[in-house]
Undergrad: 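The structure's right below; bear with me while I get my questions together.
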Amino acid sequence: MSLITTLDALVDELRALGVPVSASEKADAAAALGHADLADREEVRSGLVVTLVKSAGHLSAFDRVFDVCFGQRVPDRATGGVGLGEPDDATIRRLLAESIEAGENGSLMQRHLAGLLVDRHAGIQPGRAVAGTSYLFRAMRALDVDRVTAALVRRAEARTPATLAGPLPRRLFLEDVERRLAAFRLEVEAEIRRRLVADRGADAVAKTLRRPLPEDVGFLTAATAELHELWDTIQPLSRKLAARMVHRRRHGHRGRIDVRRTMRASLSTGGIPVDLRHHTPRPAKPELVVLADISGSVSAFAAFTLQLTYALRSRFARVRCFVFVDGLDEVTDLIERSANVLEVASEINRLGLGVWLDGRSDYGNAIETFCRDHAGELRARTTVLVLGDARSNYHAPRADALGRIAGRCGHLFWLNPEPRAAWDSGDSVIGRYAGYCDEVVECRNLRQLRAFVERLA
């Protein structure tokens with residue numbers, strides 16, 4: 001396969017995953033390859049990354065595709081010459097600990113150790129159409145990262161006891177070790193991918209390795225690792241949306257015509273008001289009220305939405321947040337004094353907020369409670385967001401209470417994390433509420449959430 005054909009395959013697979021790659025960026029990537037040392041894997045990767053990847057959230061997807069498409073074309077010459085022979089597992093752990101202590105200088109050793117670990121414990125079976133997850137699990141289980149961590153702690157205490165003196169230095173040390181072991185895990189995963197490509201070919205492996213981008217991961221179905229990727233994505237997304245909202249507020253409305261300035265300007269055109277002058281717009285900031293279902297089935301969705309809306313609070317005159325399961329509690333002050341929404345969630349669980357009786361979702365009671373206690377505080381410039389799947393365990397929906405809320409506020413939107421096809425099935429009563437909402441929005445992932453917030457701006 002020619003180099004250009006391989007680049008074509010890489011770009012096609014990235015586009016299939018949802019990574020945007022334009023024709024000009026593809027041309028830039030081809031030009032970068034023309035200047036790269038094709039025998040140097042990292043140089044080839046770097047040239048392609050800077051030309052094809054525009055978001056940090058897409059880096060992990062790029063790395064997977066690069067390993068598949070270029071794994072056999074670009075030799076990994078860095079692993080040669082290490083000369084370790086056939087060390088036992090204890091020696092592999094010791095060498096890994098030493099390479100982690102060496103920092104960047106230990107990267108070549110780690111690559112070689114990853115190959116040894118895969119050879120010995122992954123149990124790769126030729127011809128099987130799998131993504132390699134079980135192979136990675138076997139290899140890492142045999143390594144036992146807890147034993148490597150314990151060894152690194154002992155070595156640090158023996159060498160420089162002050163390194164771990166006190167809870168904060170110890171925590172920072174352990175976080176650094178965890179980060180470096182995670183990087184080694186990625187090295188093992190990459191080695192498995194290279195073996196699979198050698199066995200079955202790039203096209204077959206690419207299909208089994210396809211995973212959604214972070215912004216396309218479903219809130220209700222995300223695995224733990226995918227949720228961590230989403231947390232890494234939410235903060236930069238919040239900053240981008242905030243900047244966009246500021247720009248729209250400043251430039252989206254021209255304001256009323258300034259008659260005096262317009263007439264003065266018309267003197268240069270014989271009294272004809274060709275150039276209309278406008279007053280500087282000073283739009284009033286809207287208020288935002290968020291009602292979030294925090295029951296187990298949708299808690300991840302509520303956490304991400306609260307994180308995003310609260311990160312945008314400077315764009316609103318006021319943001320108030322309420323959480324509910326079968327009861328309702330305001331958590332505005334709690335969010336104000338917490339470092340992040342994960343800390344908020346921990347405190348909500350500790351205090352048992354949002355729970356009234358049995359802790360089973362009761363949308364009707366929660367909405368009725370908000371209507372009774374807070375509807376009088378809503379104004380025409382208030383936007384109310386309800387976050388939840390509207391699955392109320394067959395309790396009375398009390399949709400008329402939502403109607404009274406809608407009559408008091410300027411806009412009412414409902415964000416539902418379930419696929420639209422599941423609405424009004426089983427105990428879902430979303431259809432009973434929809435008539436009182438400006439819009440009920442399917443919001444299953446970060447991409448849809450971002451699109452809604454951009455429209456809200």
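Quick caveat, the model's predicted, so the values are computed rather than measured.
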Undergrad: May I ask you to decide whether Asp293 forms a salt bridge with Arg391, counting only side-chain N to carboxylate O separations under 4.0 Å?
TA: no
Undergrad: Search all heavy atoms of Asp37 against all heavy atoms of Val44 and return the closest pair with its distance.
TA: O-CG2, 3.8 Å
Undergrad: What heavy-atom pair brings Ala292 and Ala302 nearest, and what distance separates the two atoms?
TA: CB-CB, 4.2 Å
Undergrad: Just jot down the side-chain hydrogen bond (donor to acceptor under 3.5 Å, both in side chains) partners of Glu101, sequence neighbours excluded, or say none.
TA: Arg155, Arg159
Undergrad: For Ala36 versus Glu43, what's the shortest heavy-atom pair and its separation?
TA: CA-OE2, 3.3 Å
Undergrad: Examine the side chains of Ser392 and Ser361 and answer whether a donor and an acceptor come within less than 3.5 Å of each other.
TA: no
Undergrad: Taking side chain as C-beta onward, heavy atoms only, is Ile294 less than 4.5 Å from Ile348?
TA: yes
Undergrad: Partners of Asn349 by side-chain hydrogen bond (donor to acceptor under 3.5 Å, both in side chains), sequence neighbours excluded?
TA: none
Undergrad: Are any non-hydrogen side-chain atoms of Leu291 and Leu385 less than 4.5 angstrom apart?
TA: no
Undergrad: Counting neighbours of CD on Glu336 that are heavy atoms of other residues, nucleotides or ligands and sit closer than 6.0 Å, is the number greater than 12?
TA: yes
Undergrad: Enumerate the salt bridge (charged side-chain N to carboxylate O under 4.0 Å, His left out) contacts for residues 438-448, please, sequence neighbours excluded, ordered by first and then second residue.
TA: Glu215-Arg447, Asp216-Arg447, Glu439-Arg455, Glu442-Arg444
Undergrad: Should Ile100 and Gln110 count as side-chain neighbours, where that means a heavy-atom distance under 4.5 Å?
TA: yes
Undergrad: Is Arg180 salt-bridged to Asp176, cutoff N-O under 4.0 Å?
TA: yes
Undergrad: Got a second to check how far Asn416's CG is from Phe301's CZ, nearest 0.5 Å?
TA: 7.5 Å
Undergrad: State, with a plain yes or no, whether a side-chain heavy atom of Val441 is found less than 4.5 Å away from one of Trp414.
TA: no
Undergrad: Mind checking ring-ring contact (aromatic ring centres under 6.0 Å, His included) for Phe184 and listing every partner two or more places apart, or none if nothing turns up?
TA: none
Undergrad: Aromatic rings Tyr433 and Tyr363: how do their planes relate, parallel, tilted or perpendicular, breaks at 30° and 60°?
TA: tilted
Undergrad: Apply the test salt bridge (Lys or Arg N to Asp or Glu O under 4.0 Å) to residues Arg93 and Asp146: give CA-CA distance (whole Å), side-chain angles for both, the deciding distance (0.1 Å), then the verdict.
TA: CA-CA 10 Å; Arg93 295 188 194 98; Asp146 289 340; over 6 Å; no
Undergrad: Looking at Arg15, I'd like to know if its CZ atom is crowded, meaning that more than 12 non-hydrogen atoms belonging to other residues, nucleotides or ligands lie closer than 6.0 Å.
TA: yes
Undergrad: Mind listing the closest non-hydrogen atom pair of Ile124 and Ile192 along with its distance?
TA: CD1-CG2, 4.5 Å
Undergrad: Under 4.0 Å between a Lys/Arg side-chain N and an Asp/Glu carboxylate O for Arg185 and Glu189?
TA: no
Undergrad: Just so I know, are the side chains of Thr382 and Leu288 near enough to count as touching, which here means a heavy-atom distance under 4.5 Å?
TA: no
Undergrad: Between CD1 of Ile430 and CG of Asp389, what distance do you get to the nearest 0.5 Å?
TA: 8.5 Å
Undergrad: Got more than 12 heavy atoms from elsewhere within 6.0 Å of CZ, Arg420?
TA: yes
Undergrad: State which residues pass side-chain hydrogen bond (donor to acceptor under 3.5 Å, both in side chains) with Ser22; sequence neighbours excluded, sorted by chain then number.
TA: Ser24, Glu25
Undergrad: Counting only heavy atoms not in His411 (residues, nucleotides, ligands), do more than 12 fall under 6.0 Å from its NE2?
TA: no
Undergrad: What pairs with Trp423 under ring-ring contact (aromatic ring centres under 6.0 Å, His included), at least two apart in sequence or on another chain?
TA: none
Undergrad: Charged N to carboxylate O under 4.0 angstrom, Arg120 versus Asp88?
TA: no
Undergrad: Which one of Leu10, Val11, Leu17 satisfies the side-chain contact (heavy atoms from CB on, under 4.5 Å) criterion with Glu13?
TA: Leu17
Undergrad: Under 4.0 Å between a Lys/Arg side-chain N and an Asp/Glu carboxylate O for Arg432 and Asp424?
TA: no
Undergrad: So, are Arg277 and Asp275 salt-bridged, with charged N and O less than 4.0 Å apart?
TA: yes
